[in-house]
Amino acid sequence: MDAFVNLIALTLAAGTPLALAALGELVTEKSGVLNLGVEGMMTVGAVAAFIVAVNTHSPWLGIAAGAAAAAVLALVFAFIVLSLMANQVATGLALSLFGIGLASFVGRDYVAKVIDGLPALHLPVLSDLPIVGALFFSYSPIIYLTLALFALTQWVLTRTRAGLIVRAVGESPPAAHAIGLPVIRVRYLCVLFGGLCSGLAGAYLAVAYTPLWAEGMIAGRGWIAVALVVFATWKPWRALAGAYLFGFVTLAQFQVQAWGTAISPQFLSMLPYLATIVVLTLISRNALTVRLNAPVSLGKPFHPGD
Amino acid sequence: MMLRLEPRPEPSRLAVWLSPLVALLATLAIGAAIFAWLGFDPKNALAVFFIKPINSWYGVSELLLKAAPLMLIANGLALGFRANVWNIGAEGQLILGALGATGIALAFDGVEARWLLPLMLICGTVCGIAWAAIPAFLRTRFRANEILTSLMLVYVAGYLLSFLIHGPWRDPEGYNFPQSILFSASALLPTVGAEGRLNISIFFALGVALLCWLFVKKSWLGFQMRVAGLAPTAALYAGIPANRSVWLGLLAGGGCAGLAGACEVTGPLGQLTASVSPGYGFAAIIVAFVGRLHPIGIVFASLLLSLLYLGGEAAQIQLGLPSAITGLFQGALLFLLLGADVFIRYRLRFVFSRLASSDVTPSPEPAPPTLPASHH
């Protein structure tokens, strides 16, 4: 039983950064903007969070700084693709390359530093309950925050006027513009939300999950998150399930290594990336699934004056 | 008064070529600001970064040496980018190229023969093509997004390299360092010039640039691919198969990256090491855009990006800055370029009227219904 509870805890922890980043990208894409800079924003979020956490000794301030730093990058991206109407694929790539370069530049003095990570939740009586306490009341606060964000996003997207506006803007910007919706402003906000979530995901990795800063520590999680959005066919709950599934795959790699099998660690490390390819292929195989669910205007620039 | 973007009737050809210069100047300005902020004299620091590395013949030969892989890969990628095929996994295809060449070198270790080097280069190219064929197959057969699959394969290639270099291909007498044995003389590219490490890979790169130029400007297939990129629906109507663009675009990039990887291990490295490439596969994406996806532009852009690598190394040695500043400059350059590109299709207008200034103005309300003029 303990092993099972432990496995659940590890899966949630490993899946959370993917879930957060995927949620942000999902909302961004719902508004019709494809931001391939998730990897860069997560990296900057991680380094900013770590630097602030080291200097202030406050993991919470670090997490706030990580989210804010990534949000600033997201705004730069939004300005270039929304106000200057640049190609979204190329600009997203630029954001990833820039973010990774920026992070290793500012983080060079922090590589070997150690911090006290964000402590896990501890409620007086509840957390001490046998099994139930470990299973429900003793994770990192960010894990609960992630679940709350998913519930909130699901509700806003499907049940509120704001969600309807976001979806309208993503499906048909000319129509949304024609009925007086501020297309560009809505897209700015969605990109900003994506940035905040990516930053939070990176910050969680640097301040709570590992906790440390190293170049390349995001290790493609941002790209996997982008793939998860397709896998989830733009539905928040499926993205959450997908993120935990991938969290489990990353874990399986350590688990198998612990059993001392003859498989080289490098081949086990390939698993999450290979799994991403397989999952992406399976979901894309059915053209209708993707076409029916993808926001119609995804990746296409819109200029209200045209 | 407001600034407003207004569509141009025709894309500006001047802006197409001015935009990289504007982006470069802005990058330099940002660089100067960063240097000043870090407490260096900006003029001196910029000179260390951009001028000192190339004020000797040795410096120029290093510039060309690093420009060669960038030029090769960027030309291959540009073929795909023009057709809207986004191969961003060139780094992985480069690694596979290095592995392919190394495999041959290890299999024929000790053999002194003229065919060895060409065989290594061919094997490297084929391995790069094979690695790029995976996303091409998944895209054409299952519609899987090639951006994500090609990028995931970069990580897989990295682990494959790590496995080989720590395992079966490690030099048994190399004190456990993760590297292969040194290649024999007949497995190395001939160098060019009296001093320095420059080798004939620069001629491969220039040759590929020429081939790409001929392909794009003079061949029917190249024309079809451009149409497929510019107007996919029109291309479909004209009976141009969309899948062929995907295959060609990806395989061209993979082949060029594979050759570049083979040239790294047979050239400056002389063996397989744990870090085959300082991110050439990603930098080449920037080269392709800065060079306007045009073979001649790419030649110049690869020199610029190569200079950024040299500048980063010089700044590390002489100023004690982390070499990561190269990545920072690379990213900033592409960012600024894409922003500056807005002036290709739009121009700035000063707008004085309040109504026309907002980009969120709803379309004009239909005019209030007026009674039809009566004709009593």
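Chain A is the first sequence line, chain B the second, and so forth, proteins listed ahead of strands; every chain is numbered from 1.
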*For residues Val76(A) and Phe335(B), determine if any side-chain heavy atom of one lies less than 4.5 Å from a side-chain heavy atom of the other.*
yes
*asked:* With heavy-atom distances below 4.5 Å as the criterion, would you say the side chains of Leu5(B) and Met85(A) are in contact?
replied: yes
Toward chain A, the part of [X] with a non-hydrogen atom under 4.5 Å:
X         : value
Phe282(B) : both
Ile325(B) : both
Leu336(B) : neither
Ile344(B) : neither
Leu160(B) : both
Leu38(B)  : side chain

So, for [X] and [Y], which heavy atoms are closest and what is the spacing to 0.1 Å?
X         : Y         : answer
Leu338(B) : Ile80(A)  : C-CG2, 4.2 Å
Ser264(A) : Phe163(B) : OG-CE1, 3.1 Å
Leu84(A)  : Gly339(B) : CD1-O, 3.5 Å
Met152(B) : Ile224(A) : CE-CG1, 3.7 Å
Phe105(A) : Pro322(B) : CD1-CG, 3.5 Å

Heavy-atom distance under 4.5 Å to chain B: side chain of [X], backbone, both or neither?
X         : answer
Leu36(A)  : side chain
Glu39(A)  : side chain
Leu102(A) : both

_As an exercise: rank Ala340(B), Ala283(B), Ala324(B) by heavy-atom pairs under 4.5 Å with chain A and give me the winner._
Ala324(B)
*Return the option, out of Ile286(B), Thr326(B), Leu138(B), Val154(B), with the maximum number of heavy-atom pairs under 4.5 Å with chain A.*
Leu138(B)
*Gln330(B)/Leu97(A) under side-chain contact (heavy atoms from CB on, under 4.5 Å): CA gap, chis, key distance, verdict*: CA-CA 8 Å; Gln330(B) 286 176 348; Leu97(A) 296 173; over 6 Å; no
Would you mind writing out the side-chain donor-acceptor pairs for residues 266-275 of chain A within the sub-3.5 Å range, not counting sequence neighbours?
from, atom 1, to, atom 2, distance (Å)
Gln266(A), NE2, Ser162(B), O, 3.4
Gln266(A), NE2, Ser162(B), OG, 3.0
Ser269(A), OG, Pro265(A), O, 2.9
Tyr273(A), OH, Ala219(A), O, 2.8

_Run the side-chain contact (heavy atoms from CB on, under 4.5 Å) test on Leu148(B) and Thr276(A) for me, step by step, so that the C-alpha distance in whole Å, both residues' side-chain angles and the decisive distance to 0.1 Å come before the verdict._
CA-CA 9 Å; Leu148(B) 296 168; Thr276(A) 307; 5.8 Å; no
*Taking Arg285(A) for its side chain and Phe142(B) for its backbone only, find out whether a donor-acceptor pair lies under 3.5 Å.*
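It does not hold such a pair.
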[atom1]-[atom2] distance between [X] and [Y], expressed to the nearest 0.5 angstrom:
X         : Y         : atom1 : atom2 : answer
Leu280(A) : Arg139(B) : CG    : CZ    : 12.0 Å
Phe98(A)  : Leu328(B) : CZ    : CG    : 5.5 Å
Ile277(A) : Asn145(B) : CD1   : CG    : 11.5 Å

*Any chance you could lay out the side-chain contact (heavy atoms from CB on, under 4.5 Å) test for Asn286(A) and Arg143(B), step after step, and finish with the verdict?*
CA-CA 8 Å; Asn286(A) 191 347; Arg143(B) 284 172 292 269; over 6 Å; no
*Would you please test Leu93(A) and Ile88(B) for side-chain contact (heavy atoms from CB on, under 4.5 Å) and show each step?*
CA-CA 9 Å; Leu93(A) 285 176; Ile88(B) 60 169; 3.5 Å; yes
*Answer yes or no: are there more than 12 heavy-atom neighbours, outside Arg141(B) itself, under 6.0 Å from its atom CZ?*
no
